[in-house]
Amino acid sequence: MLEVTGLRAGYGAATVLEDVSISVDEGKFVVVTGPNGHGKTTLLRVLSGLLPVNSGEITFLGERLNGRSASSIVGRGLVHIPQGDLLFVDLTVEQNLYMGAYLRDAWKGRRERIRRVYELFPRLEERRTQQARTLSGGERRMLGIGRGLMSNARMLMVDEPALGLAPVLVQEVYATLDKIARSEATVLLVEETLANARDIADYVYLMDTGRIVHQGTMAEFGEDVLASTYLGNSGS
Amino acid sequence: MDTFAQAIISGLVFGAIYAIMTMGLTLVYGCLRTLNMAQGAFGMVGGYAAWVITTDMGAPPIVGLIVGALAAAGVGMLTHFISIRPLVGRKDIDFEMTAYISTLVVAIVFSAAIILMFGARNKAIEPLIDGRLTIFGTVTVAWQQIAVAVVAFLCLGGLSLMLSKSRQGLSIMAVAQQFDAAKLMGVPAGRVYWVTMALAGLLGGIAGVLLAPLYFVSPSAGDLPILKGLTVAVVAGLGSIRGTIYAAFIIGLIETLVATYVGSLWSLPVLFAIIVVFMVVRPYGLFGKPEEERL
């Protein structure tokens, strides 16, 4: 579904991603993990068109995405749910969700979509007329994910959904992501703490200093692989 | 008592016009993060368009209002493509300051062009509706004032409906609040920018046509309104939509009360004193937030 080959990208002269190749099949739950500050978020920003590709290829559903605008990438169903939610804090919960359906095709079906989001997150329906700034951390996360689902998403790229949440809420968010992966859209997750996604990940990529250093199914990811990366002696 | 009631009424009417006028500044500041100094010129152009259509061509005043508003919307869009769009995203300049200057220059060019086309003489324009309504005793309201209030109410109501419900309106708010997230939702920022400028033009044009019968249509007709608009924006806190409406009525009332009880020559100095006081004591205005972060 999503194929990334030999991707190089970064901020101006600073290259962050070196020769990154990943592949996500439809209906799978794929995780990119690795220590903080090693390019995971940058990868998502490049895939969603916020940052330019320096070299390499990105194809999604058989179409080349290199050089396309963020708007046209969302239109193709590749949706980025950013780290820290980036909500429209002065808009209401409902207005935030409708913004997720901004593109014309999604806008037409927004009332039906919002019902599905409310089924998934009943709390959002209770709070629908409140400003997003009044929500708790967990509710904000739900709104961020719900807003992403409002588009005609074929694949959701979710960045660190556990960040800043209490452990109970982390479990709740992951249970929901699992549900989404099985019924709504393919999920590509960026997560520093692989343990959070242990039970639901189909395939894992380990990223270190801008490169994919290890990949495999969850079973193939022994403690030793993770330990070596997080202790900072990978490749040695 | 009667004088006071009269002052309050005309204060509220002026407040309503300032609210429409300043809403243009507020939306552009929210979305583009620059002061659009051509906002007054939009009103001036709207006034001329209305004058041409009603006086030269004999159309009814309501048509003048519509044509004036649409002409100003066009000028708003033009201003965007001439003086803002070429600056967006450039790393070698301070966007806010440069766009402020370039819109100011465009406003001057519009005034000069109007002088070349229509001469420097003031033009009188018919009000939307003549006559006065007696409320009680000697307190009367011009029908024009009532018409202004109705038009202003419809405008602000329509605007708030648009910003809170429609796809285009929500996208303006979204770009103003969270630029990156708006792009991730698929909002093309470039289009939102020019739509916002056209909307600012529309609002400026309506304000200009409503003000025209109270003053005159002249090449400098936009100068005072932009000063008042800036005063309102400073008091409200730039970018605050609800604050803009409250502040517009506060400024409208202060202006007419000072004019009534102290003398009309004093109303501008008082407004400027208000700007100075706010800049020193509360630079983010009554309803703004201190130094809002923007990604």
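To find a chain, count down the sequence lines: A is the first, B the second, and so on, and within it residues start at 1. Please read all numbers here as calculations on a predicted model, not as lab measurements.
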Handout entry: Over 12 foreign heavy atoms within 6.0 Å of CZ, A/Arg128
Key = no
Handout entry: Contacting region of A/Leu103 [heavy-atom separation from chain B under 4.5 Å]
Key = both
Handout entry: Side-chain heavy atoms of A/Tyr102 within contact of B/Pro188, under 4.5 Å
Key = yes
Problem - Over 12 foreign heavy atoms within 6.0 Å of CZ, B/Phe249 - result: yes
Problem - Close side-chain approach of A/Ser71 to B/Lys183, heavy-atom, < 4.5 Å - result: no
Problem - Inter-residue atom distance B/Arg242.CZ - A/Asp90.CG, 0.5 Å rounding - result: 9.5 Å
Fill in the blank from the handout: d(A/Leu86 CG, B/Phe179 CZ) to nearest 0.5 Å is 12.5 Å
Practice task
Anything in residues 104-126 of chain A with a heavy-atom distance to chain B below 4.5 Å? Please list those residues in order.
Solution key: A/Arg104, A/Trp107
Handout entry: Close side-chain approach of B/Leu184 and A/Ser48, heavy atoms under 4.5 Å
Key = yes
Problem - Contact check, side chains of A/Tyr98 and B/Met185, non-hydrogen atoms, under 4.5 Å - result: no
Exercise for the section: Side chain from CB out, backbone as N, CA, C, O: work out which of these in B/Ala182 comes under 4.5 Å of a heavy atom of chain A, or both, or neither. Expected result: both
Handout entry: A/Leu87 side chain near B/Gln177 side chain, heavy-atom distance below 4.5 Å
Key = no
Exercise for the section: Please indicate whether A/Tyr11 has more than 12 foreign heavy atoms, meaning atoms of other residues, nucleotides or ligands, lying under 6.0 Å from its OH. Expected result: yes
Practice task
Keeping the roles fixed (side chain from A/Gln95, backbone from B/Lys165), state whether a donor-acceptor pair exists under 3.5 Å.
Solution key: no
Handout entry: Atom CZ of A/Arg76 with >12 non-hydrogen neighbours under 6.0 angstrom
Key = yes
Practice task
Decide if atom OH of B/Tyr246 counts as having more than 12 heavy atoms of other residues, nucleotides or ligands within a radius under 6.0 Å.
Solution key: no
Handout entry: Residues in residues 62-69 of chain A near chain B [non-hydrogen atoms, under 4.5 Å]
Key = none
